[in-house]
Colleague: 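Okay, handing you the structure first.
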Amino acid sequence: MSTADEPVSPATADEPASPATADADRTARREAGNSPAGGGETGPETGREAIVRAARRAFTLKPYAEVTMRGIAAAAGVSPSLIVKRFGSKEALFNTVVDFRPAAAELFAAPLPGLGRHLVLTMVELRDRLRGDPLLRVVFSLGIEDERTLLRARFREQITDRLAGILTGPDARLRAELVAGQLLGLGATLSLHRPDGATAHTTAERLADLYAPGIQHLVDGSADRT
């Protein structure tokens, strides 16, 4: 079990190996939420959310073996002992980071006829609340192959498969994969064009007006076949 006494790795996410990695670093930092949460250990929710944000960033930017509890604690603005108390081990914290079920519970909590709009509005709300995208880490993870494989397997199981089980009609699995891609595309767009892009200055309702119909079309599966 990992403890707060782990040595700090000399490798840092600020030392990318290539321009491509640097781009992924910057995107992953945005998606994980850069700002350390204020208040440190002043409240249970604040402390937990700060830890999870910092862990999400760390596990996205570096291989599992290079992530330390002390590094996460420093980024979260909490003590290492608090992480051990709350999560027990680095493995348990990693399992929390790769869990998409909390996001899925909110994303899919709407009847099918209005699910497209609900997905867009909920994505925007989750990004604001979490100070990072709830899904994009599946795309930008820089971990070793085993970690990326696990992350993608969790995403398929907890997002794509869950949605496929909700959809009705033909090609449910295909449509679920396409909807998941649309959500990832929305998250990438909102990240790439902030803070000065048009999307950054558009209301969630307007984004839903423009983006949700395409998602709803996939949810309905009503395309004519010729």
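One-based numbering along the sequence shown.
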Colleague: Does the side chain of Thr96 reach to within under 4.5 Å of the side chain of Arg48, using non-hydrogen atoms?
Modeller: yes
Colleague: Would you say that Ser81 contacts Val84 through its side chain, given a criterion of any heavy-atom pair below 4.5 Å between the two side chains?
Modeller: no
Colleague: What are the two closest non-hydrogen atoms of Ala176 and Thr160, and how far apart are they?
Modeller: CB-O, 3.6 Å
Colleague: Is atom CZ of Arg101 surrounded by more than 12 heavy atoms (other residues, nucleotides or ligands) closer than 6.0 Å?
Modeller: no
Colleague: Does the Lys NZ or Arg CZ of Arg137 fall within the cation-pi geometry relative to Phe100 - under 6.0 Å from the ring centre and within 45° of the axis?
Modeller: yes
Colleague: Are any non-hydrogen side-chain atoms of Leu107 and Leu135 less than 4.5 angstrom apart?
Modeller: yes
Colleague: Using a 4.5 Å cut-off on heavy atoms from C-beta on, say whether the side chain of Leu186 contacts that of Leu190.
Modeller: yes
Colleague: Does Asp171 reach the main-chain N or O of Leu174 with its side chain, forming a donor-acceptor pair under 3.5 Å?
Modeller: no
Colleague: Between Tyr211 (side chain) and Gln182 (backbone), is there a donor-acceptor pair under 3.5 Å?
Modeller: yes
Colleague: Is any side-chain heavy atom of Asn95 closer than 4.5 Å to a side-chain heavy atom of Arg154?
Modeller: yes
Colleague: Can you find a side-chain donor-acceptor pair between Ser191 and Arg127 that sits under 3.5 Å?
Modeller: yes
Colleague: Checking side chain to side chain contact (heavy atoms under 4.5 Å, CB included) for the pair Val138/Leu184: CA distance, chi angles, key distance, verdict?
Modeller: CA-CA 9 Å; Val138 74; Leu184 292 171; 4.0 Å; yes
Colleague: Ignoring hydrogens and geometry, is there a side-chain-to-backbone donor-acceptor pair from Arg70 to Ser79 under 3.5 Å?
Modeller: no
Colleague: Taking His118 for its side chain and Glu106 for its backbone only, find out whether a donor-acceptor pair lies under 3.5 Å.
Modeller: yes
Colleague: Using the six-membered ring wherever Trp is involved, compare the ring planes of Phe59 and Phe94 and label them parallel, tilted or perpendicular (cut-offs 30° and 60°).
Modeller: perpendicular
Colleague: Please tell me if the side chains of Glu91 and Tyr64 come closer than 4.5 Å, counting only heavy atoms from C-beta onward.
Modeller: yes
Colleague: Checking the side chain of Lys90 only, and the main-chain atoms of Met69 only, is there a donor and an acceptor separated by less than 3.5 Å?
Modeller: no
Colleague: Residues in side-chain contact (heavy atoms from CB on, under 4.5 Å) with Thr168, at least two apart?
Modeller: Leu112
Colleague: On a heavy-atom basis, which atom in Ala54 and which in Ile72 lie closest, and how many Å separate them?
Modeller: CB-O, 3.7 Å
Colleague: Verify side chain to side chain contact (heavy atoms under 4.5 Å, CB included) between Asp133 and Met123, making sure each step is shown before the conclusion.
Modeller: CA-CA 8 Å; Asp133 193 277; Met123 277 287 292; 3.5 Å; yes
Colleague: Check each of Leu115, Leu121, Leu119 against Arg117 using the side chain to side chain contact (heavy atoms under 4.5 Å, CB included) test, and report the only one that passes.
Modeller: Leu121
Colleague: For Arg175 and Val219, indicate whether the former's side chain and the latter's backbone hold a donor-acceptor pair under 3.5 Å.
Modeller: yes
